[in-house]
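Working notes, structure below.
Any value given below was found using the heavy atoms of this structure, including those in side chains, with hydrogens, waters and symmetry copies removed. Quick note: residue numbers are just sequence positions, from 1.
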Amino acid sequence: MPDVATDSFVSHRNLLFTIAYEMLGSAADAEDVLQETWLRWAGVEHGAVGNHRAYLVRIVTRQSLGRLRALSRRKESYVGSWLPEPLLTAPDVAEDVELADSVSMAMMLVLETLTPTERAVFVLREVFDLDYDEIAAAVGKNPAAVRQIAHRARSHVAARRPREVVTQAETRDALAAFQRATRTGDLQALLDLLAPDVVFLGDGGGVKQAVPRPVVGASKVARMLLGGLARVTGWSMEPAQVNGYPALVVEFAGELDAVIALRIDNGLISGLYAVRNPEKLSHMGHETVLSR
């Protein structure tokens, strides 16, 4: 294959991975999609392709849509709550506020509530700023239909996303206070941090113990957390940059056990998302580069 084809794929690889990950919420599936995209790209007559980036985006979007439908069937039989796969992200992701917001755990969960086509259109338009003609070619719809889908997806997301973009500093402060309260077992301090209707989701995938269904309410969540941590020894909780925002990495006896991400609304923690499924923690050992 001509080097220009390889060079084009490599130069756009981070972009393609980011699109696939935002559509799928799974780094492992996103990597598979990239392999499929490469195989299809390898069979293209590259000299006849005017815009390599647009063509590659079209391939990765179509592959992601197919994978997303299969993933939806897998989620139906998943044990307990399904959470997106956390990524240890490079510092430059946090500097791009829109990109960081789009891959935050809170936003990824909102994207889960869209249909596959709505998710593709929303991601390509709102995050990557593609024009409607490009998106139409990628999802197999006409531009007018894509505009309607984009409007519907925006309204859906606006009603469910965090009410405001929370700064990195606000998230770090909330995490530090959460760390102190859990380390000292201070129930009142923890209650002061949690929104009255806070939701805790735990993803163990049937492999690690996790709450089987969402726990709702400040008192229930606080008592569950402090009660659970009081029963074990040798645990530590340290900050890390995950999905573009500060999060907490929990270790037991020196081994990675969980990643906890937050959603913050009106200065209070409204969502706690704990991923314990070992299959979803493989990307926490190295930084993942995301780009637009």
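- Summarising the local packing, OH of Tyr55 is surrounded by 12 or fewer heavy atoms from other residues, nucleotides or ligands at distances under 6.0 Å.
- Looking at Glu36, its side chain never comes within 3.5 Å of a backbone N or O of Gln63 through a donor-acceptor pair.
- Within the 4.5 Å cutoff, the side chain of Glu45 has no heavy atoms near those of the Val49 side chain.
- A donor-acceptor pair is defined here as one N or O able to donate and one able to accept, closer than 3.5 Å; such a pair exists between the side chain of Tyr245 and the backbone of Val166.
- Residues Leu71 and Ile19 fall within the same hydrophobic cluster, defined by Ile, Leu, Val, Met, Phe, Trp and Tyr side chains chained together at heavy-atom separations under 4.5 Å.
- Of all heavy-atom pairs between Ala261 and Ala247, the closest is CA-CB, 4.2 Å.
- In this structure, Glu22 and Ser64 have side chains that are not in contact, with every pair of non-hydrogen atoms separated by 4.5 Å or more.
- To the nearest 0.5 Å, atom CZ of residue Phe122 and atom CG of residue Leu111 are 6.0 Å apart.
- Rounding to the nearest 0.5 Å gives a distance of 5.5 Å between CG of Leu16 and CG of Leu34.
- Atom NE2 of His156 and atom CD of Glu118 lie 7.0 Å apart (nearest 0.5 Å).
- Glu126 places no side-chain N or O within donor-acceptor distance of the main-chain N or O of Arg154, the cut-off being under 3.5 Å.
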Leu272 and Leu225: side chain to side chain contact (heavy atoms under 4.5 Å, CB included), yes or no, with the steps?
CA-CA 11 Å; Leu272 282 160; Leu225 285 169; 4.0 Å; yes
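- Applying the salt bridge (Lys or Arg N to Asp or Glu O under 4.0 Å) test to residues at least two apart or on different chains, none of the pairs has a partner in residues 173-189.
- Nearest heavy atoms, Leu226 versus Ala181: CD2-O, 4.0 Å.
- The side chain to side chain contact (heavy atoms under 4.5 Å, CB included) test with Glu85 singles out one residue from His283, Met108, Met284, and that residue is His283.
- Interatomic distance, Leu268 CG to Asp197 CG, rounded to the nearest 0.5 Å: 9.5 Å.
- Lys141 places none of its side-chain heavy atoms less than 4.5 Å from the side chain of Val121.
- Between the side chain of His46 and the backbone N or O of Trp41 there is at least one donor-acceptor pair closer than 3.5 Å.
- By the salt bridge (charged side-chain N to carboxylate O under 4.0 Å, His left out) test, Arg125 is found to be paired with no residue, residues two or more places apart in sequence or in another chain being considered.
- Nearest heavy atom pair, residue Glu134 against residue Ala54, reads OE2-CB, 3.6 Å.
- Each of Val146, Val123, Val57 was checked for a side chain to side chain contact (heavy atoms under 4.5 Å, CB included) with Ile135, and the lone residue meeting it is Val146.
- For Ala138 against Leu124, the heavy-atom pair with the smallest separation is CB-CD1, 4.2 Å.
- Residues passing the side-chain hydrogen bond (donor to acceptor under 3.5 Å, both in side chains) test with Asn277, sequence neighbours excluded: Tyr78.
- In terms of heavy-atom proximity, Val33 sits nearest to Ala20 at CG1-CB, 4.1 Å.
- Asp257 places none of its side-chain heavy atoms less than 4.5 Å from the side chain of Trp235.
- Contact of the Arg263 side chain with the Leu109 side chain is not registered, since no non-hydrogen atoms from C-beta on lie closer than 4.5 Å.
- Panel note: side chain Ser8, backbone Ala5; no donor-acceptor pair is recorded below 3.5 Å.
- Between atom CD of residue Glu238 and atom CG of residue Leu175 there is a gap of 11.5 Å, rounded to the nearest 0.5 Å.
- In this structure, Ser291 has no side-chain hydrogen bond (donor to acceptor under 3.5 Å, both in side chains) partners at least two apart in sequence or on a different chain.
- Surrounding NZ of Lys208 are more than 12 heavy atoms belonging to other residues, nucleotides or ligands, all under 6.0 Å away.
- Here the straight-line distance linking atom CG of Asn243 with atom OG1 of Thr288 works out to 9.0 Å at 0.5 Å rounding.
- Side chains of Val157 and Met107 form a contact here, defined as non-hydrogen atoms less than 4.5 Å apart.
- In the hydrophobic clustering of ILVMFWY residues, with side-chain heavy atoms under 4.5 Å counting as a link, Leu290 and Val110 come out together.
- With hydrogens and angles disregarded, no donor-acceptor distance shorter than 3.5 Å links the side chain of Ser282 to the backbone of Pro278.
- For the salt bridge (charged side-chain N to carboxylate O under 4.0 Å, His left out) test, residues two or more places apart in sequence or in another chain that qualify with Glu112 are Lys75, Arg119.
- Counting heavy atoms from C-beta on, the side chains of Met105 and Leu201 never come closer than 4.5 Å.
- Judged by distance alone, with hydrogens and angles left aside, the side-chain atoms of Glu31 form no donor-acceptor pair with the main-chain N or O of Phe17 at under 3.5 Å.
- Applying the salt bridge (Lys or Arg N to Asp or Glu O under 4.0 Å) rule to pairs touching residues 279-292 yields Asp96-Arg292, Glu98-Arg292, Asp203-Lys280, sequence neighbours excluded.
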